[in-house]
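The structure presented is a predicted model; accordingly, all values stated were derived computationally and were not measured. Here is how names work: the chains are called A, B, and so on, in the same order as the sequence lines, proteins then strands, and each is numbered from 1.
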Amino acid sequence: MPKIKAGVIVFPGTNCDRDTVAALTQTAGCSVDAVWYETKSLRQYQLIVIPGGFSYGDYLRAGALARFSPVMEALQEYTDRQGLVLGICNGFQILLEAMMLPGAMQRNTSLKFICRDVFVRVERNDTPFTLLYKRGDVLKIPIAHADGNYYGSGQTLADLEHSRQVVFRYTDAGGKTTGQSNPNGSLDNIAGLCTPAGNILAMMPHPERAADRVLGSDDGKKIFLSIKKALA
Amino acid sequence: MENLETILKELNLTPEEYRRIVDRTGREPNLTELWIFSAMWSEHCSYKSSRPYLRRMPSSGKNVLIGPGENAGVVSIGDGLALVFKMESHNHPSFIEPYNGAATGVGGILRDIFTMGARPVAILDSLRFGEPDDEKMRYLIDGVVAGIAGYGNCMGIPTVGGEVYFDAAYKDNILVNAMAVGVVRDDRIFLAKASGAGNPVFYVGSKTGRDGIHGATMASASFTDETAVLKPTVQVGDPFMEKLLMEACLELMKTDHIVAIQDMGAAGLTSSSVEMAAKGGLGIEIDLDKVPQREEGMLPYEIMLSESQERMLIIAKKGHEKAVEAIFKKWNLDVSEIGKLIGTREIIVRANGQLQARLPLDMLVDEAPVYTRYARMPASITAAATVNAAELIPEPKDYRETFLSLLSSPTIGSKRWAFEQYDHSVGTDTVIKPGADAALLRIKGTRKGIAMTTDGNARYTELAPFAGSEIAVCEAARNIACVGARPLAVTDCLNFGNPENPDVMWQFIESINGISAACLTMGIPVVSGNVSFYNETEGSSIYPTPVIGMVGLMDTLEQRITPGFKDNGDVIVLLGETLDECGGSEYLKLVAGKITGAPPRVSPETERRLVDLIGALNKARLVKSASDCSEGGLAVTLAQCAMAGGKGAKINIAWRYRPDLELFSESQHRIVLTAARRHLRRIETMAHSSRIPLTIIGAVGGKNLAIGKVFSVPVETMRVAYEKGL
Amino acid sequence: MLAKIFIKPKKGILDPQGKAVSGALGRLGFGRIQEVRIGKYIEIKLDDQDRSSAQAEVRRMCETLLVNKVIEDFTFEITGE
Amino acid sequence: MLAKIFIKPKKGILDPQGKAVSGALGRLGFGRIQEVRIGKYIEIKLDDQDRSSAQAEVRRMCETLLVNKVIEDFTFEITGE
Ligand SMILES: Nc1ncnc2c1ncn2[C@@H]1O[C@H](COP(=O)(O)OP(=O)(O)O)[C@@H](O)[C@H]1O
Ligand SMILES: [Mg+2]
């Protein structure tokens with residue numbers, strides 16, 4: 001099977017690019033390029049990942065400044081052709097600012113940066129990113145963010161529900177969505193969203209940090225393996 | 001010059017120092033020159049009170065590639081790789097503006113690491129606050145922790161460890177020490193030593209503003225009410241800028257375009273240019289008009305002394321200018337050729353087409369004053385040593401309550417409230433996260449692990465600076481050993497009061513002697529460090545607070561040990577001996593509100609045997625969990641192991657002392673380990689031949705930590721107390 | 001000229017920071033507070049130009065970059081100095 | 001009554017956020033920008049009271065909690081509504 005050609009976008013201030021490249025290479029055997037934010041075409045890739053970090057220092061609002069980079073036009077063109085995009089953490093924030101997904105991120109209700117393992121429940125396994133999971137699987141994956149408190153208007157939330165766009169929800173270890181298990185105040189415990197067509201997945205937890213047992217969990221590994229299977 | 005006296009006072013130069021300048025140069029210096037002297041001869045840059053003593057610390061060893069004197073120390077870890085690490089203080093700035101003071105402290109220590117060509121892989125923070133019970137202290141605590149998080153998280157470098165102590169001694173002078181560790185290929189290490197007269201000097205990074213103009217002099221002065229006047233100079237950190245600067249520098253250092261590089265830290269452009277040229281036996285000429293400036297109308301001395309953050313000075317090779325510029329432009333950074341190296345050992349500064357300063361470098365560096373300060377043992381030392389701590393402690397009526405309050409005391413309680421604000425998993429290398437005895441990182445591409453910790457219980461150093469400092473080294477080594485690594489090398493940050501005070505000077509010398517003695521005995525070199533004097537307010541000093549940062553190595557990650565209890569039925573063993581030692585303990589403070597008595601006895605030789613023993617047991621795969629005893633003693637360690645493993649234990653101790661004194665004693669050189677029962681005999685034999693006392697104290701199992709008939713507490717109840725937060 | 005831009009959380013949206021500050025003010029003994037909302041204040045120094053073109057320009061800045069209309073509202077004014 | 005508080009970075013103090021936004025606006029083609037400074041905008045709804053006592057109260061709030069006077073300056077106004 002030929003290697004998947006993946007691109008990991010590097011904005012000024014992105015800082016999970018190397019971690020993401022390593023995880024893609026090691027888990028799914030991808031051939032990965034770090035793609036500079038000034039790149040104008042993404043046609044050669046089967047998968048684009050917008051990794052975590054602090055693009056442009058998170059200044060003004062997380063993701064707000066990255067949105068206007070040249071690569072974002074290329075990304076639009078790439079997704080118009082149904083290319084696969086995975087946005088992680090800052091990647092999620094950028095996709096929201098770029099209005100490729102609805103809603104916005106607010107500051108965590110604790111007003112603090114939070115780095116810890118959380119549990120998320122898989123709500124859908126019919127996306128290219130989750131097909132190796134079972135619905136209802138509970139994954140232990142770390143989060144690390146200050147602005148992960150998802151907000152969408154009542155209408156937006158209803159639409160998301162209607163088009164089954166919620167892919168991950170924060171839960172407790174047993175898979176129950178409780179207030180306590182919601183680390184940041186996200187509405188409806190939303191931790192990950194996809195587009196109605198399912199080709200873009202954005203998530204706050206960091207699967208690349210949960211792709212190797214030695215780091216405490218490899219529950220995120222199947223995201224990369226699912227992509228591999230979907231593209232096979 | 002008018003008002004010479006006032007100016008000298010403002011610049012923190014003594015009349016004698018001024019006379020020396022005039023005698024040696026044969027003329028009166030102008031104001032710019034005087035500022036340069038003030039910076040270079042400040043305690044912070046010249047180490048004028050400490051230099052002779054620092055040399056006493058052992059700094060060589062077979063793994064040491066670069067010892068003290070460079071931006072950071074470097075030790076080899078094999079596979080063609082080396083660790084670069086150092087610790088530094090940012091105490092005064094953090095008291096004035098906690099968020100930015102702490103943030104720029106992290107920024108500064110990270111620059112020290114990547115300046116040498118290493119990619120930083122970890123940050124640790126060692127903090128001392130006053131008691132967390134008033135608004136002002138809360139504000140400082142919140143700001144400092146958020147500042148460390150703000151900078152490190154944005155840089156994408158995990159903050160994996162550290163410590164936090166609370167004591168009224170730091171009420172008006174908090175301590176913020178940050179340590180950073182980087183990894184570098186051992187044939188790609190960059191130094192701050194200039195070479196090649198005629199080579200161009202580049203300035204890169206942020207523009208220069210009037211930030212922290214008094215920085216180096218401020219770090220060398222005590223707090224008084226006048227400190228308020230210095231306020232407008234606070235530095236604001238820009239971690240985004242530093243991230244770009246780091247990536248650009250690391251990219252540059254893969255090429256062959258430069259000969260030397262140095263970050264602009266304390267005393268900014270002055271110390272970086274002077275030090276680089278002096279190290280190379282050359283001189284330097286700079287034109288301030290070419291320095292990128294953020295504000296208009298800056299005076300030459302302001303540009304020379306500015307401590308704006310996120311700036312580097314680079315000596316490039318002649319002919320490679322375009323290539324250097326191209327890399328920084330790619331990263332959108334200011335880059336400007338501001339001068340060149342010259343063959344004569346002097347610094348020449350021009351601005352507005354005019355000569356502003358011309359001074360011999362030897363004078364600024366090698367001939368900086370050195371003071372042998374008067375030292376005298378404070379009377380309080382002997383007084384405290386004669387106090388019998390046990391007599392101050394009534395036996396608890398309710399052991400369980402006493403134990404739970406100890407577990408929830410701010411100094412012992414979980415530091416989750418801090419370390420969860422730090423991104424400790426970025427980098428995907430953090431194998432043992434904050435919460436264990438030491439942090440452990442993997443090094444991708446190898447099977448190796450590197451362990452790191454910071455330690456320094458200053459109550460002990462306050463009561464007995466020599467022994468207290470030995471304890472700090474021993475505890476650090478023990479923490480490294482408890483995760484399965486062997487100690488490799490030390491960095492330190494020596495936080496003390498005013499060295500012109502003989503009591504403080506005595507504490508300082510004793511402390512250095514203690515560190516030296518322990519490091520010598522244990523064969524652990526000190527490869528970098530930092531001195532922070534003048535930590536006093538209105539004449540009252542902090543505790544003498546030497547902080548030890550230690551790194552360790554393990555050959556394969558499979559050797560890692562964690563503190564949590566593993567399997568029901570495993571036997572719990574105490575290595576080391578418990579004496580009735582509650583002097584300077586957390587327990588004494590809790591029940592009697594006093595910091596007195598003699599600190600626990602310490603023997604680096606015993607520690608060495610203990611550390612070796614753990615290493616040997618681990619190599620023989622006999623250890624299931626390990627954790628050392630420190631603040632709060634055996635009871636607290638057992639609680640931590642139980643909580644970490646989610647398992648209780650049944651403990652039976654044949655009491656030698658009153659149970660509370662034995663449970664909460666802070667005797668040194670002790671480790672609680674668990675093992676499968678069938679390995680007990682081998683463990684006993686090995687401990688015996690290492691001459692380490694061993695006691696079987698119980699077994700893993702149940703939902704409670706049950707200590708004989710003394711108390712029994714559910715693990716979940718302990719967790720609630722321990723995780724209470726501030 | 002100088003543009004002063006005032007951004008605040010949209011009505012009806014929970015403002016975690018405002019809520020925290022309101023609580024803190026209460027604890028400090030400030031008793032008469034009904035609500036606190038925290039947003040951004042941005043000053044932009046512009047080259048001098050015709051006021052109505054400046055106005056249009058600043059509005060565009062807000063709508064494209066400075067404000068996230070999902071959660072924020074804004075107003076601005078332009079002063080001579 | 002409503003207090004509107006405007007907080008901005010002190011003159012001479014680095015404003016990394018303002019700098020980054022100014023760069024971004026430039027890249028977006030907004031050409032006439034000299035400088036951007038970013039601070040906070042706070043609205044506080046207060047119980048009705050005598051204006052001068054409200055004024056004193058809001059100033060105290062700024063000085064004790066809302067403003068970090070080491071690096072920030074502030075102004076405020078109080079309106080009826
Ligand atoms: N300021 C801090 N930053 C990060 N981690 C911290 C901090 N303070 C404490 N920790 C972590 O909490 C754990 C317990 O710390 P401490 O009680 O000082 O350990 P020990 O007594 O074993 O030295 C350690 O893993 C330590 O690294
Ligand atoms: Mg320990």
Side-chain angles (χ1 to χ4, degrees), chain A residues 10-27 34 36-38 51-60 62 65-66 88-90 108 110-118 141-146 183 205-218 220, chain B residues 119-121 142 145-160 237-248 250 330-333 416-435 440-442 444-445 447 449 556-558 560 562 725:
Chain A
V10 182
F11 294 101
T14 294
N15 65 31
C16 299
D17 44 328
R18 301 163 75 248
D19 302 355
T20 308
V21 170
L24 284 167
T25 318
Q26 267 147 37
T27 58
W36 194 237
Y37 72 108
E38 286 171 326
F54 286 67
S55 56
Y56 293 93
D58 272 5
Y59 293 143
L60 193 63
L65 303 189
I88 303 169
C89 197
N90 193 229
N108 296 345
S110 68
L111 302 180
K112 291 183 171 140
F113 190 98
I114 302 172
C115 176
R116 75 160 85 113
D117 286 338
V118 298
I141 309 191
I143 52 165
H145 60 247
H206 285 268
E208 82 281 10
R209 300 187 191 182
D212 189 338
R213 286 286 285 281
V214 81
L215 300 179
S217 166
D218 63 357
Chain B
R119 181 175 280 278
V121 297
D142 287 351
V145 171
I148 291 167
Y151 211 99
N153 297 356
C154 182
M155 290 288 291
I157 298 161
T159 301
V160 298
D238 184 352
F240 170 57
M241 173 63 79
E242 178 134 313
K243 167 74 173 160
L244 302 184
L245 187 63
M246 175 177 82
E247 296 299 343
L250 291 175
K330 169 186 162 191
W331 289 94
N332 261 316
L333 294 162
R416 187 176 303 277
W417 56 270
F419 65 66
E420 277 196 350
Q421 292 184 54
Y422 304 150
D423 189 339
H424 47 73
S425 52
V426 65
T428 57
D429 289 326
T430 316
V431 174
I432 298 185
K433 296 176 183 150
L440 181 71
L441 272 77
R442 67 172 170 188
K444 287 194 191 86
R447 304 172 66 192
T556 144
L557 285 174
E558 277 140 39
R560 69 185 182 277
T562 51

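Scanning both residues, A:T14 and B:K243, for their nearest heavy atoms gives O-CE, 3.2 Å.
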Worksheet entry | From CA spacing to verdict: side-chain contact (heavy atoms from CB on, under 4.5 Å), A:W36, B:K330 | CA-CA 11 Å; A:W36 194 237; B:K330 169 186 162 191; 3.9 Å; yes
Practice prompt. Please assess A:D117 against B:K433 for the test side-chain contact (heavy atoms from CB on, under 4.5 Å), listing each intermediate value before the final yes or no.
Written response: CA-CA 11 Å; A:D117 286 338; B:K433 296 176 183 150; 3.7 Å; yes
Worksheet item: What's the verdict on salt bridge (charged side-chain N to carboxylate O under 4.0 Å, His left out) for B:D429 and A:R18, showing C-alpha distance, side-chain angles and the deciding distance?
Response: CA-CA 11 Å; B:D429 289 326; A:R18 301 163 75 248; over 6 Å; no
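Using a 4.0 Å cut-off between a side-chain N of Lys or Arg and a carboxylate O of Asp or Glu, B:D423 and A:R116 do not qualify as a salt bridge. Electrostatic pairing of B:K444 and A:D212 does not count as a salt bridge here, judged by no charged N lying under 4.0 Å from a carboxylate O.
Between B:T430 and A:L215, the closest side-chain pair of non-hydrogen atoms is not below 4.5 Å. The shortest side-chain heavy-atom distance between A:F54 and B:F240 does not fall under the 4.5 Å cut-off. Within the 4.5 Å cutoff, side-chain heavy atoms of B:R442 are placed close to those of A:V214.
Heavy-atom distances place both the backbone and the side chain of A:R209 under 4.5 Å from chain B. Residue A:P12 touches chain B through both its backbone and its side chain, counting heavy-atom pairs closer than 4.5 Å. Only the backbone of B:M155 comes within less than 4.5 Å of a heavy atom in chain A; its side chain stays farther off. If you measure heavy-atom distances from B:S425 to chain A, the contacts under 4.5 Å come from both the backbone and the side chain. With a 4.5 Å cut-off on non-hydrogen atoms, A:D58 does not touch chain B at all. Heavy-atom distances place the side chain of B:N332, and not its backbone, under 4.5 Å from chain A. The contact between A:Y59 and chain B is made entirely by side chain atoms (from C-beta outward), counting heavy-atom distances below 4.5 Å. Of the two parts of B:R416, neither the backbone nor the side chain holds a non-hydrogen atom closer than 4.5 Å to a non-hydrogen atom of chain A. At a 4.5 Å heavy-atom cutoff, A:S110 makes no contact with chain B through either its backbone or its side chain.
No donor-acceptor pair closer than 3.5 Å links the side chain of B:N153 to the backbone N or O of A:C115.
If you tally non-hydrogen atom pairs under 4.5 Å between each of B:P239, B:C154, B:G156 and chain A, the highest count goes to B:C154. Of all the listed residues (B:L244, B:V145, B:V426), the one sharing the greatest number of non-hydrogen pairs under 4.5 Å with chain A is B:V426. Counting heavy-atom pairs under 4.5 Å between each of B:D142, B:I432, B:L557, B:V431 and chain A puts B:V431 at the top.
Distance check: A:N15 CG to B:M246 CE gives 8.5 Å after rounding to the nearest 0.5 Å.
Cation-pi check for A:K112 over B:W417 is not met; the charged atom does not lie both under 6.0 angstrom from the ring centroid and within 45 degrees of its normal.
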